[in-house]
2 protein chains.
Amino acid sequence: MDETLLDIGEVAERTGLAPSALRFYERKGLISSTARNGLRRAYRPEVLERLGLIMCARGAGFTVAEISSFLSAGPGDREVREKMAVKAGELNQRVAQLTRLRDALDHAATCDHEPLTDCPDFKRAVWNARPESTASSP
Amino acid sequence: MDETLLDIGEVAERTGLAPSALRFYERKGLISSTARNGLRRAYRPEVLERLGLIMCARGAGFTVAEISSFLSAGPGDREVREKMAVKAGELNQRVAQLTRLRDALDHAATCDHEPLTDCPDFKRAVWNARPESTASSP
DNA sequence: CTGCGACTTGAACCGCGGTTCAAGTCAAGG
DNA sequence: CCTTGACTTGAACCGCGGTTCAAGTCGCAG
């Protein structure tokens with residue numbers, strides 16, 4: 001047996017993911033165990049890298065299905081690359097919105113307004129944080 | 001009856017939210033119908049503003065429970081204000097991470113690497129997008 | 001009075017992203 | 001040999017954020 005292959009417990013420990021999550025990802029096609037040591041999954045070390053990518057994408061709000069489609073991007077796969085570009089654009093929108101919302105929240109945290117929701121500055125800040133206001137500001 | 005009060009259908013239409021969602025929010029304490037016209041909910045116009053805030057926060061990834069606690073912020077409610085400040089900080093982290101991820105995705109969309117996951121530039125970009133790397137950049 | 005249609009309710013259901021559980025299988029060690 | 005303990009499976013369950021549905025209740029028009 002190849003000593004470099006990793007047990008599921010090993011992978012779980014190194015990534016911080018639960019074994020159940022790893023099996024779940026495997027069911028969903030995000031990762032694959034390349035061999036079996038008896039019944040047990042044996043993962044190649046590269047899976048750690050892949051899982052890093054997956055965790056990152058999940059953390060950024062991508063669904064498992066999206067990640068799956070991105071990960072299976074073929075050679076000249078125009079389709080997926082385009083989707084990626086679209087996603088990148090969406091991320092930009094999102095970043096802008098979150099930034100504005102943070103500003104609103106910053107104000108909220110420090111402003112002493114009786115019912116916070118009545119503070120005009122807060123209102124303005126929230127208004128600015130609407131998704132649409134990302135694009136339109138004439 | 002006060003003509004300025006809004007029917008649930010009215011509110012749904014103006015906000016773009018489903019009536020079921022409005023009732024759901026009401027159950028969760030995010031909004032309240034201030035009167036009943038017979039059985040029917042009657043909303044004050046201010047609810048529109050409040051819903052704008054709610055939609056915005058939901059869009060930014062806040063849970064309904066979080067929003068609820070923020071909305072019920074009392075006068076000198078240190079607790080909640082502090083939580084807001086914390087949330088604002090988290091948003092900053094998130095913005096940084098999303099920005100980095102967008103960079104990774106931008107590269108992925110244009111780079112012609114056989115298995116995308118092997119592209120060293122992509123790997124680096126993803127590596128940089130790890131949540132922890134937000135703080136550490138030596 | 002008799003619809004009609006827009007509302008009301010609670011309860012059931014959905015997709016997502018996993019977790020938990022019971023029951024079974026394996027390899028190694030005493 | 002038999003135990004131990006980490007794995008295996010499928011199926012059931014969970015919280016979240018709602019949606020859908022059946023059954024009931026209104027106000028208003030004809």
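Naming: A, B, ... by sequence-line order, numbering from 1 per chain.
Taking 4.5 Å as the limit, some side-chain heavy atom of B/Ile54 sits within range of a side-chain heavy atom of B/Leu71. Inter-residue side-chain proximity for B/Glu90 and B/Val86 is flagged as met; some heavy-atom pair is nearer than 4.5 Å.
The list of salt bridge (charged side-chain N to carboxylate O under 4.0 Å, His left out) pairs with a residue in residues 46-65 of chain B, not counting sequence neighbours, reads A/Lys123-B/Glu49.
In terms of position along DNA chain C, the nucleotide closest to B/Ile8 lies nearer the 5' end than the nucleotide closest to the other residue of the pair B/Ile8 and B/Arg27.
Base contact: B/Arg23 has a heavy atom under 4.0 Å from a base atom.
A donor-acceptor pair under 3.5 Å links the side-chain atoms of A/Arg94 to the main chain of B/Gly59, judged by distance alone. Although no hydrogens or angles enter the test, the distance criterion places no donor-acceptor pair under 3.5 Å between the side chain of A/Arg102 and the main chain of B/Gly89.
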Side-chain donor-acceptor pairs of residues 62-70 of chain B under 3.5 Å, sequence neighbours excluded:
unit_1: B/Thr63; atom_1: OG1; unit_2: B/Ala65; atom_2: N; d: 3.4
unit_1: B/Thr63; atom_1: OG1; unit_2: B/Glu66; atom_2: N; d: 3.0
unit_1: B/Glu66; atom_1: OE1; unit_2: B/Thr63; atom_2: N; d: 2.9
unit_1: B/Glu66; atom_1: OE2; unit_2: B/Lys87; atom_2: NZ; d: 3.0
unit_1: B/Ser69; atom_1: OG; unit_2: B/Glu66; atom_2: O; d: 3.2

Acceptor/donor pairs from residues 10-25 of chain B side chains to any protein atom, 3.5 angstrom cut, sequence neighbours excluded:
unit_1: B/Thr15; atom_1: OG1; unit_2: B/Val11; atom_2: O; d: 2.8
unit_1: B/Thr15; atom_1: OG1; unit_2: B/Ala12; atom_2: O; d: 3.4
unit_1: B/Thr15; atom_1: OG1; unit_2: B/Leu17; atom_2: N; d: 3.1

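Separating the CE atom in B/Met84 from the CG atom in A/Asp106 is a distance of 11.5 Å, to the nearest 0.5 Å. For the atom pair A/Arg81 CZ and B/Leu105 CG, the distance stands at 10.5 Å (nearest 0.5 Å).
Across residues 40-51 of chain B, B/Arg40, B/Arg41 each have a non-hydrogen atom less than 4.0 Å from an atom of DNA chain C (numbered order).
The end-to-end axis angle of the helix from C/dC1-D/dG30 to C/dG30-D/dC1, rounded to 10 degrees and based on five pairs per end, is 30°.
Running 5' to 3' along DNA chain D, contacts with non-hydrogen atoms of chain A at under 4.0 Å begin and end at D/dG5 to D/dT9.
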